[in-house]
Protein chains: 2
Amino acid sequence: MTVDRGTRPARRAVPSSRPPGVDLAHASDGGEESAARPVPEATVARLAVYLRVLTSLLADGRGTVSSEELAAAAGVNSAKLRKDLSLIGSCGVRGVGYDVSRLTAEVEATLGLDSPHAVALVGVGNLGHALAGYGGFAQRGFPVAALFDVDPALVGTVIDGVEVQHADAIDAVCAARGVTIGVVATPAEAAQRVCDHLVSAGVRSILNFAPTVLSVPAGVEVRKVDLAVEMQVLSFHVARRHGTVSAAGPAAPSRPTPREVFSR
Amino acid sequence: MTVDRGTRPARRAVPSSRPPGVDLAHASDGGEESAARPVPEATVARLAVYLRVLTSLLADGRGTVSSEELAAAAGVNSAKLRKDLSLIGSCGVRGVGYDVSRLTAEVEATLGLDSPHAVALVGVGNLGHALAGYGGFAQRGFPVAALFDVDPALVGTVIDGVEVQHADAIDAVCAARGVTIGVVATPAEAAQRVCDHLVSAGVRSILNFAPTVLSVPAGVEVRKVDLAVEMQVLSFHVARRHGTVSAAGPAAPSRPTPREVFSR
DNA sequence: AGTTGTGAAAGTCTTCACAGCA
DNA sequence: TGCTGTGAAGACTTTCACAACT
């Protein structure tokens, strides 16, 4: 998926003089020693992957892991992994490796997974419905706190214990339930409007499945998941014949020309 | 989504001396002037986005666009867009802009969308089912040619005109139907096995929704979509208080500590 | 006057390779 | 001896800014 880190406003101006990335430093009210270690965006995404591996190691009762092993399981190179971990201030033990449970806790803390984030899902159509029933969300600390749609046939129905409400209620309900993350799974046409409502309800992080670029004010983070883009990137590689033929004839012979139609 | 370009083997050795990216040059049998212009991976992903915008412009009957306008609609900066387009050899007209229909064709050709790619979807569970019924696939030139699962309750059912077959038939069916792209939407445990079958059936591009790293031989392209990772990255930003509070109280007060459980 | 195409500069991320510690 | 932590080098991207063309 094209994981476009959506709008990344106001950043241009800084002529830079210090490494990039997101400042840690909890911006806590008391201005302690804000040494603020920056964590690169790229690293943040990988931390989530490491966490998955760590969790299963933990379940297996493993006490320690080497950077080599953890890296292999996460599909990255070990130097990168070590650098990533060093950035969040973790410390492994030279000659031994990393303590699995401690590292797990450290990564969770960095990702802000110490407390759950209530999620609002807007658009309970095909994809939205699947996401709502996904289960993975709740299990991983992202309980679905609210569902919205505009279809009268859907409003009022209950999915996995959560009632679908009319999209008009987004502002009120999200604010009331302390929603911190919004998921947009509506058709492209409705996405921006929905997004605006979420933002006005105080939501600062949005996961966008709609095939549109959402514009949001500074301070709001948007991540985009676009299946069509993923497929097209793969298509590109097929066309470049990544690794010549093997089994099966040289793929399907020509057929009528398709055409970008639209999506969702 | 963490858009991990999966395994990217054998590339290390090259001390490099030429710009990066994927060589164009159709590797056609006749060795014509293989000037081979490389297209960076990052550019490929954006081309798909541009294409979406172009398509809707085309539908609106627009004749030309400026890089400025196209870039804005795609959510990127105009210099980047111009550079991207210059890489695929497109030519706009100075002082005027780009010809919408010509550019559309050019981008489609570059992405290999001239002919449809038969897609096989493995795992017709929650998410898989939604994807199968998605519609967006077929409309965009990626007809779902085969569906697979191991659940006896699903095998034999028909979704959107395609019958679900047992996963054991992957090799035979994919080869027979000329499948070029595989989508893995199974639980993590089954993903690698399924992947191996797809590869042995000649599939060279895989979109992986399962929360595991797939290992594939060189020449096979894997892209990964991981919802949990996306959510966790957003969580990170929430924790960093991207843009201080606004409406709604300071989000939900602390609650019991969650825990990475697993996904799918 | 308006807009593309692009060299060069700046930024960001990855990888190497090795010192340093257990 | 084994493995982490990290400076420095390298690879890849983005952005600037302007010449070139209509």
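In this text the structure is predicted, and so the values were computed from the model without any measurement. Each chain gets a letter, A, B and so on, in the order the sequences are listed, and its residues count up from 1.
Atom CG in B:L103 sits about 15 Å away from atom C1' in C:dT3, given to the nearest Å. Atom CG of A:D99 and atom P of D:dC3 are 16 Å apart (whole Å). Summarising the geometry, the separation between CG on B:D84 and C1' on C:dT6 is reported as 13 Å, rounded to the nearest angstrom. Whole-Å rounding puts the B:I88 CD1 to C:dT6 C1' distance at 16 Å. One atom, CG of B:L85, and another, C1' of C:dT4, lie 10 Å apart when rounded to the nearest Å. In this structure, the CZ atom of A:R102 is 14 Å from the P atom of D:dT4, given to the nearest Å. Between the CG atom of A:L87 and the P atom of C:dC13 there is a distance of 11 Å, rounded to whole Å. The nearest whole Å value for the distance from the CG atom in A:L81 to the P atom in C:dT15 is 12 Å.
With distances taken from any side-chain atom of B:C91 to the nucleotides C:dG5, C:dT15, D:dG5, the minimum falls on C:dG5. Across D:dT13, C:dT14, D:dC16, the shortest atom-to-atom separation from the side chain of A:R46 is found for C:dT14.
For B:R94 against C:dT4, a side-chain-to-base donor-acceptor contact under 3.5 Å is present. B:K83 contributes no side-chain N or O that forms a donor-acceptor pair with the base of D:dT14 under 3.5 Å.
Between A:R82 and the phosphate of C:dC18, there is no side-chain N or O to OP1/OP2 separation shorter than 4.0 Å. A close approach under 4.0 Å does occur between a side-chain nitrogen or oxygen of A:Y98 and OP1 or OP2 of D:dG5. The phosphate of C:dT4 (OP1 or OP2) has a side-chain N or O of B:S67 nearer than 4.0 angstrom.
Ranked by how close their nearest DNA chain C nucleotide is to the 5' end, A:V96 and A:K80 are led by A:K80.
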* To do: Tell me, with the steps shown, if A:L70 and A:L103 meet side-chain contact (heavy atoms from CB on, under 4.5 Å).
  => CA-CA 11 Å; A:L70 189 49; A:L103 185 53; 4.0 Å; yes

* To do: For B:D60 and B:R62, run salt bridge (Lys or Arg N to Asp or Glu O under 4.0 Å): C-alpha distance rounded to whole Å, both residues' side-chain angles, the deciding distance at 0.1 Å, then the answer.
  => CA-CA 6 Å; B:D60 293 353; B:R62 285 288 302 275; over 6 Å; no

Show me the donor-acceptor pairs within less than 3.5 Å that the side chains of residues 92-100 of chain B make with the rest of the protein, sequence neighbours left out.
| residue | atom | partner | partner atom | Å |
| --- | --- | --- | --- | --- |
| B:D99 | OD1 | B:S101 | N | 3.3 |
| B:D99 | OD1 | B:S101 | OG | 3.2 |
| B:D99 | OD1 | B:R102 | N | 2.8 |

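Using a cut-off of 4.0 Å between Lys/Arg side-chain N and Asp/Glu carboxylate O, B:E68 and B:R82 are scored as not salt-bridged.
Listed by chain and residue number, B:V53 satisfy the side-chain contact (heavy atoms from CB on, under 4.5 Å) test with B:A73 (two or more places apart in sequence, or in another chain).
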